[in-house]
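The structure appears right after this line, and notes come after that.
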Amino acid sequence: MPGSPHISLQRNSVRAVMLKVLAALVPGVIVHAWVFGPGIWVSLLVCTAFAYLFEALALAMRNLPLKPFLTDGSVLVTAWLLALSMPTLLPWWIYAVGMLIAVLVAKHLYGGLGQNLFNPAMVGYAALIVSFPMYMNLWPAPVSVASHTPNLMEAFDLVFAGQGAVSPDAYTAATPMDAVRAHVRAGGRAEEIARESFKLIGKETLVLTYLLGGVLLLATRVITWHIPVAFLAGVTVTAGVLYGLDPARYADPLFHLVTGSTMLGAFFILTDPVSASGTPRGKLIYAGLAGFITVLIRTYGNYPDGVAFSVLLMNMAVPFIDAHTQPRVFGEARGRRGGS
Amino acid sequence: MSAARGRKLYTFPGGVHPEEHKAESAGRPIAAMPLLPLYVVPLRQHIGEPARPVVQVGQQVLRGQMIGAPQGYVSVGVHAPTSGRVVAVEPRPVPHPSGLKDLCVVIEADGEDRAIDMTPLDWHRMDPSALRNRLREMGLAGLGGAVFPSFIKLNPGARRQIPILILNGAECEPWITCDDRLMRERASEILIGAAIMRHMLGAEQVLVGIEDNKPEAIACMTAAAVGSDVEVVPVPTVYPAGGGKQLTYTLTGRVTPSRGLSTDVGVQMFNVGTAYSLYRAVTFGEPLLSRIVTVTGHVASPGNFEVRLGTPVADLLAAAGGERPQATGRVVGGPMMGFELHDTAAPVTKAVNCILVKNAQLFPEPPPPMPCIRCGECARACPVELQPFELYWYAHHRDFGKTQAYHLFDCIECGCCSYVCPSHIPLVDFYRFAKSEIWAREREKQAADQARARHEFRTFRLEREKQEKAEKLAKKAAERLESGAVAAEDPEAARKKAILAAAIEKAKKAKEAVQPKNVDNLPAEVQREIAAIEARRRGGADEPEAAATARTTPNP
Ligand code: SF4
Ligand code: SF4
């Protein structure tokens, strides 16, 4: 016989939480399609389909009821985050492999919903970038600069039937991050290319949309301010210090804030509650360090972006961080508390 | 200066806003109950040692006559609710989460309702300890639900003075309105009770905290306080505003230490109903015989009733027009902290403030629990700033040491965490389970320590007997020698004797140490915990794993 309380907030559910996250992602998806072309719809579709396939498979293998877990929405969030972190217009099986690793390995091998140590979408992403670096570098060029942006039909063709008539050169471009690194290696000044690529891409709209989605999550209390603020601060401070040391070699903080997955990471990826720190102070440490590592990987590594690896590294540190940042309980504090 | 103008209020962390449902029962005045043919009076109605029955089957009793005498320090008397004949002293169903029976005195009313001679207490002039002793015999215990003996809380102890007295009229649990009605209808009497409390505690300041969803009660109490310096303070409506530590903080900004008492920060708190019963006890010399109970939910005519202690719940429900069709169960207390009542034959006790009848619309079956997603909703709702999901994790994995490191015993079981949890995990069940397991282990350890001490003492005793025998033999031998010159002082024997004496002393000490019998040394809250947990242990807390998580985490 279950005891008290005898009532609960019925409108709260795992599904409601996940749906809020998805809803907050929708503006980002739409703007993504506007900036980079309709390819994102295809990759979202492919990721979603394989997400449900693998989730159902895992549940069946683990003898779990399908309905509550297939409808909880968590696997959909994983699918969307992976799709939004990856280049569009890649062959379908790349997305399939990513989802396989995200769902079967990162989620269910660790015990399923709520048990995963690592963010499943980022595990999928990391596995892909290590296994298929060439594909993962095929970033679509923004519509504004591409010589040709595949339409929806062409996008389907590209994803399901291979390259076809259109050469990747026509619709892909080096990421700004790569451009800066190449430019610096060639003896140029980082800021030249950084400023330029930022202007060219015009993807500040996308960044602002993710920011808007983040504010939505904050307003609906799905996330707290700690992680986004600490992460963006970590990125800004680290990039700022480097930039201060040598503006010729390092991109400025603003560049880091608006490129890659910084905003998506700050509000949607690092905030995955299962794999993030669960204490207020822990969240600050976890996200702050992730911001720091992100900039280091971007600056010194060869990957297109540093968010995924920094998230995974910090996921690993969460149990340690949480154990050492337990908040003081009410009454444990000496002296009076502030209040009003 | 009775208005609460400008008092700075403090906001405690967390809290939730469940639907209030106060209107159902708050509208009607407190109704009297007809005299019933039968009353079932449990001897354990308070925290601490149950009262000891002092009547026999067949004996005639009068209203107010003591039928259970306090035994031990933390205990109070129990009294006959009406005149009649004792027909049984036996275990009967009682309102308790375990659903087990407990010793009750069953009284068949004679319908005359004759009372003992009651003499008012001259509280101004009485010796404080004599006054407290009278209150102990008269059965006064906290009516807010904790039923801690009032005479103990009215003892300022070594401090000689407790500067702030708080009357708790917050009544933050949804559905319950008994304090609301009492404050509306008997405000002056409550304040007389408060004046007596203030006198006994030497308090300088009296505050009455009432949630601002009870404007009528606030108005009545404020009106009654005119001309005194009692401050009636509306506090924001947020559950659990009426929790002891929460209300203390809201009103004074003083933080009761973790595992400590509000008296540690100079505050003593009583429920308004307790103040009212103190008023009756002192003014009329009347023991605690009745209390106000809310009957609400899925009943024909919800309301508040003045109920004699020992009234079977079935009769009380009948007074409220009976349960409506398709009732799905009854809760004793409120929906956040109350417990399921298994048998309506169980009587109303000092702890019963509400009978809440459930139906499927108002109290739907909770959805099946999902795994914890560490979303932190529970932590944000927890008024004690615990990390409920960590507690749950460790309780679930039976790592009880860790649950204690994560402050399990600071949990007040308010239910806020379970209430908000999107995974609908019965978190509080897990905390109750962990607490009862820990207490059980503690008791086992204590028993083992005692056994070891006994064993050691026995070894010492055998050793001593051997020694004494040897000494006797030596003495005899010496006497036989008769010369008397040799064995007058045997240094070896003297040394052994000294060792032995020390050993015996040590054994005695060890024995004392492992038998801390004087419970009065423990802080009241700890005692409360012990008692509550002990009670649950006796059958209440099932291991929640089976019920809840088997469905959710089948792959540990
Ligand atoms: S509210 Fe429930 S799901 Fe969320 S962290 Fe707490 S226990 Fe876990
Ligand atoms: S029941 Fe315990 S853990 Fe849960 S909110 Fe209340 S005090 Fe916190």
Side-chain angles (χ1 to χ4, degrees), chain A residues 1-18 62-65 67-69 72 74 108 111-116 221-224 226 271-280 282-283 318 322-323 325-340, chain B residues 8-13 16 18 97 174 245 253-258 260 331 335-340 358 363-364 366-368 370-377 379 383-387 389-390 406-407 410 413 415 418-424 426 428-429 432 542 544 547-548 553-555:
Chain A
M1 176 66 67
S4 63
H6 304 273
I7 47 176
S8 68
L9 208 51
Q10 297 282 326
R11 67 180 141 88
N12 273 13
S13 68
V14 175
R15 189 183 316 160
V17 172
M18 298 300 167
R62 297 177 59 207
N63 259 327
L64 285 174
K67 188 166 165 251
F69 289 101
D72 68 24
S74 61
H108 283 283
L113 179 66
Q115 314 286 313
N116 46 289
R221 298 185 20 126
V222 174
I223 62 173
T224 61
H226 303 79
T271 50
D272 161 39
V274 177
S275 56
S277 165
T279 69
K283 285 176 180 173
V318 159
D322 278 7
T325 54
Q326 283 307 309
R328 255 207 291 244
V329 309
F330 191 68
E332 207 185 358
R334 229 163 277 141
R336 294 185 178 195
R337 305 165 49 86
S340 103
Chain B
K8 177 175 163 56
L9 295 183
Y10 298 80
T11 308
F12 64 86
V16 294
K245 294 184 181 185
R254 299 184 185 201
V255 177
T256 309
S258 160
V331 169
M336 294 300 287
M337 291 184 76
F339 56 88
E340 202 87 19
K358 301 195 289 182
F363 299 88
M370 296 284 285
C372 168
I373 54 168
R374 289 171 47 94
C375 65
E377 282 278 344
V384 194
E385 296 185 300
L386 301 174
Q387 293 283 92
F389 57 92
E390 302 276 16
Y406 280 76
H407 307 284
D410 281 291
E413 297 181 21
S418 304
Y419 177 75
V420 297
C421 175
S423 290
H424 302 288
V428 186
D429 285 345
R432 277 190 282 257
D542 301 330
T553 332
N555 195 8

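So that the names make sense, note that chain A is the first sequence line, chain B the second, and so on, each numbered from 1.
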Quick one, [X] and [Y] - any side-chain contact, counting heavy atoms below 4.5 Å?
| X | Y | answer |
| --- | --- | --- |
| Ser258(B) | Arg328(A) | no |
| Gln10(A) | Pro364(B) | yes |
| Ser4(A) | Glu413(B) | no |

What part of [X] lies closer than 4.5 angstrom to a heavy atom of chain B: side chain, backbone, both or neither?
| X | answer |
| --- | --- |
| Val274(A) | both |
| Thr279(A) | both |
| Arg221(A) | both |

Worksheet entry | Worked check of side chain to side chain contact (heavy atoms under 4.5 Å, CB included) between Met370(B) and Arg15(A) | CA-CA 10 Å; Met370(B) 296 284 285; Arg15(A) 189 183 316 160; over 6 Å; no
Item to complete: Decide whether Arg374(B) and Ser277(A) meet the rule of one side-chain donor and one side-chain acceptor closer than 3.5 Å.
Response: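 Side-chain D/A pair, Arg374(B) to Ser277(A): absent.
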Does [X] reach the main-chain N or O of [Y] with its side chain, forming a donor-acceptor pair under 3.5 Å?
| X | Y | result |
| --- | --- | --- |
| Gln387(B) | Gly278(A) | yes |
| Asn12(A) | Val420(B) | yes |
| His424(B) | Val14(A) | no |

How far does [atom1] of [X] sit from [atom2] of [Y], to the nearest 0.5 angstrom?
| X | Y | atom1 | atom2 | result |
| --- | --- | --- | --- | --- |
| Asp322(A) | Glu390(B) | CG | CD | 5.5 Å |
| Ser423(B) | Asp72(A) | OG | CG | 9.0 Å |
| Ile373(B) | Ser13(A) | CD1 | OG | 9.0 Å |
| Gln326(A) | Leu386(B) | CD | CG | 9.5 Å |

Discussion item. List the residues meeting side-chain contact (heavy atoms from CB on, under 4.5 Å) with Pro257(B), not counting sequence neighbours, and say none if there are none.
Written reply: Asp264(B), Val265(B)
Fill in: Which of Gly338(B), Gly376(B), Pro18(B), Pro174(B) touches chain A most, by non-hydrogen pairs under 4.5 Å
Gly338(B)
Worksheet item: Based on non-hydrogen pairs under 4.5 Å, which of Tyr406(B), Phe363(B), Phe339(B) is most in contact with chain A?
Response: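 Option with the top pair count is Tyr406(B).
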Discussion item. At a 4.5 Å cut-off on heavy atoms, which part of Thr256(B) comes close to chain A: side chain, backbone, both, or neither?
Written reply: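 The answer is the backbone of Thr256(B).
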Worksheet, complete the sentence: Applying a strict 4.5 Å limit to non-hydrogen atoms, the region of Val384(B) in contact with chain A is both
Practice prompt. Mind listing the closest non-hydrogen atom pair of Val428(B) and Pro5(A) along with its distance?
Written response: CG2-CD, 4.0 Å
Practice prompt. Verify side chain to side chain contact (heavy atoms under 4.5 Å, CB included) between Met336(B) and His6(A), making sure each step is shown before the conclusion.
Written response: CA-CA 6 Å; Met336(B) 294 300 287; His6(A) 304 273; over 6 Å; no
